[in-house]
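Only one structure is covered here, and it is reproduced in the block below.
Per chain, numbering begins at 1; letters A, B, ... match sequence-line order.
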Protein chains: 2
Amino acid sequence: MTAEAKPASPPLTERQEARRRRILHASAQLAGRGGFEAVQMREVAEEAGVALGTLYRYFPSKIHLLVATMQDQLQHMHTTLHKRPPAGQDPAQRVADTLMRAFRALQREPHLADAMVRALTFADRSVSPEVDTVSRITTAIILDAMGLEHPTPEQLSAVRVIEHTWHSALITWLSGRASIAQVKIDIDTVCRLIDVTRPDAAKTDPTKP
Amino acid sequence: MTAEAKPASPPLTERQEARRRRILHASAQLAGRGGFEAVQMREVAEEAGVALGTLYRYFPSKIHLLVATMQDQLQHMHTTLHKRPPAGQDPAQRVADTLMRAFRALQREPHLADAMVRALTFADRSVSPEVDTVSRITTAIILDAMGLEHPTPEQLSAVRVIEHTWHSALITWLSGRASIAQVKIDIDTVCRLIDVTRPDAAKTDPTKP
DNA sequence: ATCCAGTCTGAAACTTGTTCTAGATTAGCG
DNA sequence: CGCTAATCTAGAACAAGTTTCAGACTGGAT
């Protein structure tokens with residue numbers, strides 16, 4: 001367990017917490033059918049039983065809302081994955097397993113995945129803190145799968161690259177430019193970096209043997 | 001030289017070609033200051049001396065327009081890179097060099113880069129063919145840098161992962177969540193895959209030695 | 001030169017994200 | 001309880017992407 005996002009700037013009252021939850025639920029619901037464009041702010045507000053202005057007070061833009069939705073979903077996934085940790089022998093395999101499992105979970109709700117991922121990559125600087133939170137949770141998931149207590153800087157770099165690949169591969173799949181098989185290959189390929197960056201890995205780069 | 005996008009469905013007249021060019025120029029111009037949101041369809045149309053409806057006939061959406069703009073710019077970059085090929089010893093180094101050079105080129109016009117990359121990753125299925133063209137050009141650039149005649153399937157996978165990393169790292173930089181130094185590290189890290197997937201690479205994955 | 005089909009223009013209309021405002025409600029506090 | 005500040009609601013208004021349409025224009029075939 002690493003980062004779990006609890007800024008809690010002004011502590012919300014119970015009713016407010018409930019409103020927030022209704023909004024996120026409506027967002028996920030609408031995203032579930034229809035994807036990104038089906039999440040229309042007016043509809044979210046109505047579905048959540050909240051005025052449009054209130055929706056905007058809670059989430060200052062559609063992107064903020066969807067990124068928050070992603071945080072929420074990722075958190076679920078993180079705890080779910082915790083219950084059944086990957087079984088693989090070596091770290092690379094476990095990470096690949098975990099990511100493919102997450103991937104299959106997203107596959108079950110492709111529209112929702114579409115909305116969340118599109119929002120995530122479209123987010124501009126004003127959403128950086130929230131996007132960063134998502135990134136931290138993702139990192140935590142990967143590190144959990146690796147099962148290492150003290151990853152080296154090199155390994156952290158590998159994790160970063162894995163995250164990059166994960167996001168980008170997800171996008172190419174969502175936009176229909178890559179098959180699931182292709183995604184698996186990409187994930188497996190990038191996970192090799194985990195082996196390569198093992199502290200005790202025999203150096204394989206003679207450059208001039 | 002690999003893929004250069006010449007569908008030329010209906011061959012355009014000279015005036016039409018000129019219009020198309022004016023539109024792309026206006027798009028790049030406006031993107032250059034202001035980024036994604038500064039590219040407003042009405043303004044592009046006016047700047048290009050074309051009616052709004054015409055703009056939409058040439059590019060059916062803002063995303064299409066910006067992705068086409070990216071194609072255009074990438075093509076430039078590809079030919080530019082061709083003139084001064086990277087000097088590094090081994091393929092991994094040459095690829096990393098090339099990508100960082102491209103990266104520095106984008107740094108000179110961060111707003112333009114922002115507009116193009118945001119459009120690229122936000123594109124939905126209706127833009128797949130155009131996005132695919134961008135991807136092919138990128139692949140061509142990387143393969144050129146590797147300088148291999150017949151890359152193995154493994155190496156092609158590595159190239160795919162490098163592309164993923166490139167795009168995603170670009171996004172994190174553009175949204176201010178990563179420094180240039182961080183991007184360089186990520187690029188260097190992922191380029192290791194080129195060595196790992198060398199046909200003659202000594203296997204480094206004993207899993208259980 | 002004439003005519004047809006396709007293209008371009010200008011302007012209005014429509015959609016959806018976002019902002020704003022005036023009045024009702026709620027929460028915390030003395 | 002009664003007050004005050006913050007919050008919430010309903011609805012209008014605004015901004016920018018997209019669509020639509022009637023009429024002018026162009027290019028090519030007869």
Sorted by number, the residues of residues 56-64 of chain A with heavy-atom contact under 4.0 Å to DNA chain C: A:Tyr56, A:Ser61, A:Lys62
Nearest non-hydrogen partners of B:Met77 and B:Ala102, listed with the distance: SD-CB, 3.4 Å
Flag, side chain of A:Arg94 to backbone of A:Gln89, donor-acceptor distance under 3.5 Å: yes
Salt bridge (charged side-chain N to carboxylate O under 4.0 Å, His left out) against B:Asp72, all qualifying residues, sequence neighbours excluded: B:Arg21
For residues 59-70 of chain A, which side-chain N or O atoms pair as donor and acceptor with protein atoms under 3.5 Å away, sequence neighbours left out?
residue, atom, partner, partner atom, Å
A:Ser61, OG, A:Ile63, N, 3.3
A:Ser61, OG, A:His64, N, 3.1
A:Ser61, OG, A:His64, ND1, 2.8
A:Lys62, NZ, A:Phe36, O, 3.0
A:Lys62, NZ, A:Val39, O, 3.0
A:His64, NE2, A:Ser126, O, 3.3
A:Thr69, OG1, A:Ser27, OG, 2.9
A:Thr69, OG1, A:Leu65, O, 2.8

Outermost nucleotides of DNA chain D that come under 4.0 Å of a non-hydrogen atom of chain A: D:dT7 to D:dA13
Shortest non-hydrogen separation from B:Ala123 to A:Ser175 and the atoms involved: O-CB, 4.3 Å
Sole residue of B:Glu43, B:His25, B:Glu37 in side-chain contact (heavy atoms from CB on, under 4.5 Å) with B:Leu30: B:Glu43
DNA chain D-proximal residues of residues 14-31 of chain A, any heavy atom under 4.0 Å: A:Gln16, A:Arg19
Non-neighbouring partners of B:Pro151 that pass side chain to side chain contact (heavy atoms under 4.5 Å, CB included), sequence neighbours left out: B:Leu143, B:Gln155, B:Leu156
Whether over 12 other heavy atoms sit under 6.0 Å from B:Glu46 CD: no
Flag, side chain of A:Gln16 to backbone of A:Thr13, donor-acceptor distance under 3.5 Å: yes
Positional range of nucleotides in DNA chain C within the contact set of chain B, heavy-atom, under 4.0 Å: C:dT7 to C:dA13
Any donor-acceptor N/O pair, B:Thr54 side chain to B:Val50 backbone, under 3.5 Å: no
Lys/Arg N to Asp/Glu carboxylate O, B:Arg192 vs A:Glu154, below 4.0 Å: yes
Shortest non-hydrogen separation from B:Pro86 to B:Thr98 and the atoms involved: CG-OG1, 3.3 Å
A:Ser168 side-chain N/O to A:Thr165 backbone N/O, donor-acceptor pair under 3.5 Å: no
Straight-line distance of A:His78 NE2 to A:Ile141 CD1, nearest 0.5 Å: 5.5 Å
Residue pairs passing the salt bridge (charged side-chain N to carboxylate O under 4.0 Å, His left out) test where at least one lies in residues 165-190 of chain A, sequence neighbours excluded: A:Arg177-B:Asp132, A:Lys184-A:Asp188, A:Asp186-B:Arg160
Set of side-chain hydrogen bond (donor to acceptor under 3.5 Å, both in side chains) partners for B:Ser135, sequence neighbours left out: B:Glu163
Proximity to DNA chain C (any heavy atom under 4.0 Å), residues of residues 38-53 of chain A only: A:Val39, A:Gln40, A:Met41, A:Arg42, A:Leu52
Residue-level proximity of residues 118-127 of chain A to DNA chain D when a heavy atom falls under 4.0 Å: none
Listed once per pair and sorted, the ring-ring contact (aromatic ring centres under 6.0 Å, His included) pairs that draw on residues 137-176 of chain B, sequence neighbours left out: B:Phe103-B:Trp173
